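Worksheet for the structure shown next.
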Amino acid sequence: MVWKLSPVSVWRHRIPRYRLIGKECKKCGKHHYPPKLACPYCGSRDLKNIELPRSGIIETYTVIYEVGEEFRHKAPVVIGLVKLDDGTRVIAPITDVAEDELEIGLRVEATFRRIRDGDHFGVIGYGLSFRPIRTNVSKTSS
Amino acid sequence: MKSVGIVGWGAYIPLYRIAVDEIAKMWGIDPFLAKALGMYEKAVGGLDEDAVTIGVEAAMNALQRAKIKPDSIGAVFFGTESKPYAVKPSATIVAEVLGITPNTMASDLEFACRAASEGLRAAFALVESGQIDYGLVIGADTAQANPGDVLELTASSGGAAFIVGPSSESVAILEGVFTFITDTPDFWRREGVPYPFHGEGFTGDPAYFHHIIGAVEGLMKKLGLSPNDFDYAIFHQPNGKFPLVVGKRLGFSREKIIPSLVTPYAGNTYNGSALLGFARVLENVAKPGDRILVAPFGSGAGSDAFSFIVTDKLEERKKLAPTVDDYLSNKKIISYSEYARMRQLIKIVR
Amino acid sequence: MSKIYIGGVGLNRVGRHFKKDIVDLAYEVSLEAINEAGIEPDAVIISNSLGNVLQKQNNLAQYISSSIGLRGKTAYHVEAGDGSGGAAIHIAYTLLKAKIASSVLVVGVEKMTDYPSHVTHTALSQLLNYEYEAYYGATLSGIAALIMRYYMKKYEVSRDAVSEWPVLMHYNASKNPYAQIRKTITKENVKESQIIADPLTLFDISPIGDGAAAVLLVGEDYEHQLEEKPEVFLDTVVHHAYELELTLREDLAALPTVRETVDLALKKANLRIQDIDVIELHDSFTITGLLILEEAGLAERGRAAYLLSDGRFRHGDKPEVNLSGGLKARGNPIGATGVYQVAEVAMQLRGAFPGLQSNSPEIGLVINMSGIGSSVSSIVIRKR
């Protein structure tokens, strides 16, 4: 058995990954993700957890054909840099999307997905992807 | 005992659909069979979807409608027969994602397509007895079928979630429930086997019809009601035909059943099947004062019959989340090869 | 202040060295550098990034140094992704400046062809934040693609315009016997080649290859003992680290740490960018090549590609950029890359580069980066 995913690390990161918990700097007020122990903008270590907005726009994206080992069955992998509604940026897969729908500025919302299948024996890695906001089935626009 | 009911509900159907004719063509099944089953399309979960992710989507919609704090939920019951983990609860994942943890009950239930229905009974009982304030019940599956089996024409992905709580906050108040089970091996999947097998015609009369009729007649007798007292009747929907047939045998007119039919357009989502039908009736046709019969069925075999009375809280909750019809209209048709890839019917070595 | 001289250099041609392991590669270049300098070092710094993934070997400094006949020395292993080489040079420079060592051998070595490419890509994705970028399927090329798309849109730069970079790099490499790819290409080739991570094509990324390079650095005190006096010295070495994550960068089309380290290195060396004759910069991707030109002050933001099409930065211009062919075509053996760059600039200043040779250059600059700017070394090298 090959351990492709650590059950411990999957567990340790579950809250920021499942609920989009980032940090707010108490000094400069900026939000960031993934959560750090010091503000990447002003260096302050005085931070607090914050639940980030679950919708935003695609600021830039790529369709990856030359994927890593564990993503061969998912190729091509669409990765977006999403600017959330509060300005925080997140790197995440873009799902339920056709390549010709992708564009900079596309509005997207978070959806809980199976990110890493690991191997047949190991743990499954869940997390958030983003999908285009289709008005009638959107959670964030209703 | 407290009076209880449904305070929130939510549906989720994945984006992708495959035409049932495409499956029939692939395996040399007479397209007439698909038509006879009343089927058009079935929903297919994407590569990154499983019963847990589907359950989370449905549960988020239910929470939006219930307008309660996640941590006020005291039980999470997850009914599925496509657990991502054979051992390790799906319910804890959902509870963690939604912020219900840590002070809650949580478990996965298995009773073929009826597990979530039993979850509802359990959650109602916990609220009635005052042990919890609210309970979350999810029925979600990425239903498996052996490729080429007639089951493949219907087995689909999707789910529904219900939050139960006090009747004072409910959109539909529970009037009564009756359960009917026997040991009937009509459909099963052995440990470690990827697809379920079934007794074909044996799944009909001795299984589906016998148990649903047993539960519904038991409920009507218990409550002193007849089919005429119900405005809508929702049955488990293994295909587009069975719910109409069982309704007819029980004495329910087609008009009371048709509003609940989801399977012809989205396939049989197993644990989500009857519950999606219930959601659709709440969203599209139910009015305050209506009496609704909900009768899920699970192979193995058993059925629960629930009677609900709709309240005036229904209307305002409808628009708080996407509806079943919203999901039905949000679709992308895919080919058999795309479907085979998404549901990982093609085994690649990795 | 004492000067740190480059006493010897050694290079392998980057490529698929199936018959050689990580030690064989390191041995050849180390011997070249040692023989050229005519002394044995008293410290060894091994620069390697992927060895503990692709060769499953740790304890690398001890393993390599003892295997090539340098046992009993001070030996460190430095890992900073494809910026390892610059970081290793910085440590060697520091040891020599502090006179803790009087000669230090820096060996950059990477063996990338032991597995199929998707395994190597997986290893390379560990240069990103593993838990919040690579975990989701992002690869290093994928992150570069995010930047490239953003840059092309923001500055309205066309596909053909950015293709100037790989076309020039392939031309330069065609003259360099150490280059992995010695084939010239056209803009059409770039546009029509395999998509790696849209909009990046095969010709926008550096190839996968094995390679090793060594430089033997000596302090001023020791330099007197050498029979042949080294012609070039490390004037200034600046190394800064930054966040790995693109999401935390205020401008997505910027590499702020390149600007910081280049400005600081030039200031320390009392130079302006206009004084530099030859540059080897870190074009791990077409987009990083262009952005580094802009951050180094050689082009306005969004204009680097147009300066290339105007004929700038090629052989005969000032500065001449990546006469080696750069990471794009000389190759990018991750942990070895920065050491290649330093060796190549040293050879240019000595007038001994076997490819396109600059005409009597006096001052050279190396910009070696890890990932998409998570650390940068800016190194000024001068003739005595």
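Throughout, protein chains are lettered first and strands after them, A, B, ... in sequence-line order, and every chain is numbered starting at 1. Given the structure is predicted, the values throughout are model-derived calculations rather than measurements.
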Thinking salt bridges, do A:E101 and A:R134 make one under a 4.0 Å N-O criterion? yes
Given heavy-atom pairs under 4.5 angstrom as the criterion, report whether the side chain, backbone, both or neither of A:V77 touches chain C. side chain
Identify which part of C:E131 has an atom lying under 4.5 Å from any heavy atom of chain A, answering side chain, backbone, both or neither. both
Quick one: what part of A:F71 sits under 4.5 Å from any heavy atom of chain C, side chain, backbone, both or neither? side chain
Which atoms of C:Y135 come close to chain A, meaning under 4.5 Å heavy atom to heavy atom: side chain ones, backbone ones, both, or neither? both
For C:A134, is it the side chain, the backbone, both, or neither that has a heavy atom closer than 4.5 Å to a heavy atom of chain A? backbone
At a 4.5 Å cut-off on heavy atoms, which part of A:K74 comes close to chain C: side chain, backbone, both, or neither? neither
If you tally heavy-atom pairs under 4.5 Å against chain A, which of C:K153, C:H121, C:H118 wins? C:H118
Is there a donor-acceptor contact under 3.5 Å from the side chain of C:R259 to the main chain of C:E294? yes
Atom group of C:Y115 that falls short of 4.5 Å from chain A, counting heavy atoms: neither
Contact origin within C:E250 toward chain A - heavy atom pairs under 4.5 Å: both
Tell me whether A:S129 contacts the main-chain N or O of A:R113 through its side chain, where contact means a donor paired with an acceptor under 3.5 Å. no
Let me know if C:T139 has heavy atoms under 4.5 Å from chain A in its side chain, its backbone, both or neither. both
Under 3.5 Å donor-acceptor, C:D198 side chain and A:V63 backbone: no
Test log, rule salt bridge (Lys or Arg N to Asp or Glu O under 4.0 Å), inputs A:E109 and A:R54: CA-CA 6 Å; A:E109 64 182 348; A:R54 294 174 66 93; over 6 Å; no
Only pairs of heavy atoms separated by less than 4.5 Å count here; which of A:P40, A:P76, A:P16 has the most with chain C? A:P40
Are the side chain of C:N189 and the backbone N or O of C:T186 linked by a donor-acceptor pair below 3.5 Å? yes
When the 4.5 angstrom heavy-atom criterion is applied to A:K36 and chain C, the contacting part is side chain
Which bit of C:L200 comes within less than 4.5 Å of chain A, counting heavy atoms only: side chain, backbone, both or neither? neither
CG (C:L246) and OG1 (A:T60) are apart, to the nearest 0.5 Å, by 8.5 Å
Under the 3.5 angstrom rule, does the side chain of C:S378 hit a backbone N or O of C:A265 as a donor-acceptor pair? no
Mark yes or no: A:R17 above the aromatic ring of C:Y132, with NZ or CZ under 6.0 Å from the six-membered ring centre and no more than 45 degrees from the axis. yes
